Amino acid sequence: MNPAFITLRILGWIMITLFSLSFTAYAYGYRLNTSSSFPPGVYVIDSIKAEYQTNDLVLLCPPDNHSVRIALVRGYIGSGQCKSQTTPMIKRIAATYGDNVVLDSTITVNGHELPYTTIQSHDSRQRPLTPFALNGNRQFRIPYQHVFVYSDYAPSNSFDSRYFGFVPVENIQGTVKPALLFADIQAFIEVVNLGLDS
């Protein structure tokens, strides 16, 4: 049998196996995060709630608005199956129904400044960024069945509600937790290498 044919056949089976594993992992709630808003790695959806709370780490689709469409064009977010035509993102809930949010030089929720948050006027390539404003006002209350999200892992430069606004609760796919972070894999490899070198 032709060696090239055998190689193609093996590669084909590998691709089929990887696709099957990916599909199964997705069906069981595993999601790959490659963004810098939270540590890159594999996360798993661990609960779907009727009501989400402040500090919940969630997987969500951003709202379908002008800010998100610009982010998609600029490459802040990847394209995907959300209504906004983006991939879902992992964010921390900072405010829920009735909470008062102020977007000034930082993010303030109910009078408490979220540590290390900043409101940027330009991205790293000096393209303008427009903070979210409700009817022209950067002070607003979160409406019913909506949440305000951000990243406490990358609080100064995350693309989140400070730019695209509050998110409908129906856009949340569930709370998530890390299953396997790339940093953990790297640390394990370094430990193994140290053992081999000693």
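This is a predicted model, so every value here is computed, not measured.
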Q.
Quick test of your reading: applying salt bridge (Lys or Arg N to Asp or Glu O under 4.0 Å), list the pairs with at least one residue in residues 119-131, sequence neighbours left out, ordered by first then second residue.
A. R74-D123, D123-R127
**Q.** Pairwise disulfide (SG to SG under 2.5 Å) hits with a residue in residues 31-143, at least two apart
**A.** C61-C82
Q: Look at atom CD of Q81 and say whether more than 12 heavy atoms of other residues, nucleotides or ligands are closer to it than 6.0 Å.
A: no
**Q.** Check: P39 and F182 side chains under 4.5 Å, non-hydrogen atoms
**A.** no
(Q) Looking only at the side chains, is there a donor atom on one of T118 and S156 sitting less than 3.5 Å from an acceptor on the other? (A) no
Q | Donor-acceptor contact present, side-chain S151 to main-chain S37, <3.5 Å | A | yes
Q) Considering all heavy atoms of both residues, which atom of Y30 and which atom of A179 are nearest to each other, and what is their separation? A) CE2-CB, 3.9 Å
Q: Answer yes or no: are there more than 12 heavy-atom neighbours, outside I48 itself, under 6.0 Å from its atom CD1?
A: no
Q | Donor-acceptor side-chain pairing of K91 and S158 below 3.5 angstrom | A | yes
Q.
With disulfide (SG to SG under 2.5 Å) as the rule and sequence neighbours excluded, what pairs involving residues 92-156 come up?
A. none
Q. Do V58 and Q173 touch side chain to side chain, with heavy atoms closer than 4.5 Å?
A. no
Q) Got a sec, which pairs hit ring-ring contact (aromatic ring centres under 6.0 Å, His included) with one end in residues 35-59, sequence neighbours left out? A) none
Q. For S79, which residues count as a side-chain contact (heavy atoms from CB on, under 4.5 Å) partner, sequence neighbours excluded?
A. L72
Q: Give every residue pair that meets the ring-ring contact (aromatic ring centres under 6.0 Å, His included) criterion with at least one member in residues 64-93, sequence neighbours excluded.
A: Y76-F159
**Q.** Side-chain donor-acceptor pair present, N65, S67, cut-off under 3.5 Å
**A.** no
Could you pull out all donor-acceptor pairs under 3.5 Å where a side-chain atom in residues 137-145 meets a protein atom, sequence neighbours excluded?
| from | atom 1 | to | atom 2 | distance (Å) |
| --- | --- | --- | --- | --- |
| N137 | OD1 | Q139 | N | 2.8 |
| R141 | NH1 | G98 | O | 2.8 |

**Q.** Interatomic distance, R162 atom CZ to L103 atom CG [nearest 0.5 angstrom]
**A.** 8.5 Å
Q. Can you list the other members of the hydrophobic cluster that holds V73, where links are side-chain heavy atoms under 4.5 angstrom apart?
A. none
Q: For the pair S84 (side chain) and D64 (backbone), establish whether a donor and an acceptor sit closer than 3.5 Å, ignoring hydrogens and angles.
A: no
Q | V169 side chain reached by H146 side chain, heavy atoms, under 4.5 Å | A | no
Q) In terms of side-chain geometry, is the basic nitrogen of D152 or R92 positioned less than 4.0 Å from the acidic oxygen of its partner? A) yes
**Q.** Pairs involving residues 99-160, ordered by first then second residue, that meet disulfide (SG to SG under 2.5 Å) (sequence neighbours left out)
**A.** none
Q: Taking the side chain as every heavy atom from C-beta outward, state whether F166 and V101 have any pair of such atoms under 4.5 Å apart.
A: no
Q | Sub-4.5 Å side-chain heavy-atom contact between I77 and V68 | A | yes
Q) Do you know which two heavy atoms are closest between V147 and V149, and how far apart they sit? A) CG2-CG1, 3.9 Å
Q: For Q85, look at atom CD and say whether over 12 heavy atoms of other residues, nucleotides or ligands are found less than 6.0 Å away.
A: no
Q. What residues, two or more places apart in sequence or in another chain, satisfy salt bridge (charged side-chain N to carboxylate O under 4.0 Å, His left out) together with K49?
A. D56
Donor-acceptor pairs are to be reported for all side-chain atoms of residues 129-136 against protein atoms at under 3.5 Å, with residues two or more places apart or in another chain.
none

Q. Do you know the tightest heavy-atom contact between L60 and I172?
A. CB-CA, 4.0 Å
Q. With the 4.5 Å side-chain cut-off for hydrophobic clustering, are V167 and I45 part of the same group?
A. yes
Q: Provide the closest heavy-atom pair for V109 versus A95 in the form atom of the first, atom of the second, distance.
A: CG1-CB, 3.9 Å
Q: For D99, check salt bridge (charged side-chain N to carboxylate O under 4.0 Å, His left out) against everything at least two apart and list the hits.
A: none
Q. So, for D46 and T175, which heavy atoms are closest and what is the spacing to 0.1 Å?
A. OD1-OG1, 2.6 Å
